[in-house]
Amino acid sequence: MALVTGAASGIGKATARRLAEEGAAVLLTDVNEAGVAVAAELRESGARAEFARHDVTSESDWEAAVARAAELFGGLDVLVNNAGMGDLLPIEDTTLAEWERTIAIDQTGVFLGMKIAAPLLKASGHGSVINISSIFGTSGGFGTSPAYHAAKGAVRTLTKNVALHWATEGVRVNSIHPGFVDTPILDGARGTPFEQAMLDLTPMGRLGRPEEIAAGVAYLASDDSAFVTGLELYIDGGYIAR
Ligand code: NAI
């Protein structure tokens with residue numbers, strides 16, 4: 001029983017598909033109603049999958065989404081905090097409103113998810129939370145997108161903090177740090193000098209595929225990783241090794 005946020009697109013969509021292929025019942029959530037069709041497609045392939053509209057910045061939306069998972073599946077083993085977006089400008093040009101919006105989605109959304117899903121995750125006896133951070137959670141990137149970097153860095157240490165707190169409570173908490181992955185989140189960079197820079201900065205010389213991140217989620221969600229908690233897993237074509 002899994003809840004995947006931001007599941008209408010990109011990494012979240014690939015993750016929902018992969019977890020469904022592994023036999024999980026999946027609640028896909030997003031503010032983007034395109035998730036309705038993704039859930040339908042998964043059901044057509046024989047999976048148990050539903051969609052719920054869910055803004056991760058809203059505490060009441062979180063309460064409704066977690067309650068829906070409990071109602072549909074009778075519990076929750078796996079929470080994938082994937083929903084995210086980025087700011088693009090340098091610090092001088094970032095408004096307070098833009099900063100607060102990015103922090104609300106990329107950072108506070110992860111806090112709310114773990115807080116509100118905690119009772120179900122603990123009750124499962126083998127819960128697993130996978131928080132999608134970024135290579136930009138541990139590096140300064142291009143020197144732009146200050147709120148994105150701050151939020152993704154916060155997700156990295158929040159993950160370790162909650163991993164310690166739940167270490168003996170049957171809930172593991174890990175973060176995944178994707179490199180540049182070919183999804184719509186990169187659309188703002190296409191056709192700009194950042195596009196080539198992403199390839200130049202990636203030792204493997206290509207963008208990642210959403211399925212390559214989903215494979216890491218599947219590992220951390222499964223009992224194959226039963227002794228793994230507080231880990232930061234880089235799936236980045238070698239970016240962080242430089
Ligand atoms: P995407 O843009 O394809 O998907 C992000 C999804 O999050 C969208 O469906 C969007 O509607 C949803 N979302 C945005 N705000 C939301 C909100 N308030 N509540 C609920 N859903 C919301 O992007 P992608 O690449 O699949 O991103 C997934 C995660 O991976 C994000 O956290 C992103 O920061 C992270 N990531 C992506 C990288 C990349 O190069 N694609 C690199 C490193 C991290």
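In listed order, ligands and their atoms are each counted from 1.
- A salt bridge links E212 with R209; the closest basic N to acidic carboxylate O contact falls under 4.0 Å.
- Residues F194 and F180 place their aromatic rings such that the two centres sit no closer than 6.0 Å.
- Taking a cutoff of 4.0 Å between a charged side-chain nitrogen and a carboxylate oxygen, E59 and K115 do not qualify as a salt bridge.
- Applying the ring-ring contact (aromatic ring centres under 6.0 Å, His included) test to residues at least two apart or on different chains, none of the pairs has a partner in residues 67-121.
- Contacts of Y239 classified as side-chain hydrogen bond (donor to acceptor under 3.5 Å, both in side chains), with partners at least two apart in sequence or in another chain: S139.
- Hydrophobic side-chain contacts under 4.5 Å tie V181 into a cluster, directly or through other members, with V4, I11, L19, V26, L28, V36, V38, L42, F51, V78, V80, I130, I132, I176, I213, V217, Y219, L220, V228, L231, L233, I235.
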Show the distances, to 0.1 Å, for all pairs joining an N/O atom of ligand 1 and a protein N/O atom that are shorter than 3.5 Å, listing one pair per line.
from     : atom 1 : to   : atom 2 : distance (Å)
ligand 1 : 3 (O)  : S9   : OG     : 2.5
ligand 1 : 9 (O)  : D30  : OD1    : 3.4
ligand 1 : 9 (O)  : D30  : OD2    : 2.7
ligand 1 : 11 (O) : D30  : OD1    : 2.6
ligand 1 : 18 (N) : D55  : OD1    : 3.0
ligand 1 : 19 (N) : V56  : N      : 3.0
ligand 1 : 25 (O) : T183 : OG1    : 2.5
ligand 1 : 26 (O) : I11  : N      : 2.8
ligand 1 : 32 (O) : N82  : O      : 2.7
ligand 1 : 32 (O) : K152 : NZ     : 2.9
ligand 1 : 34 (O) : Y148 : OH     : 2.6
ligand 1 : 34 (O) : K152 : NZ     : 3.0
ligand 1 : 40 (O) : G179 : O      : 3.4
ligand 1 : 40 (O) : V181 : N      : 2.8
ligand 1 : 40 (O) : V181 : O      : 3.4
ligand 1 : 41 (N) : V181 : O      : 3.1
ligand 1 : 41 (N) : T183 : OG1    : 3.2

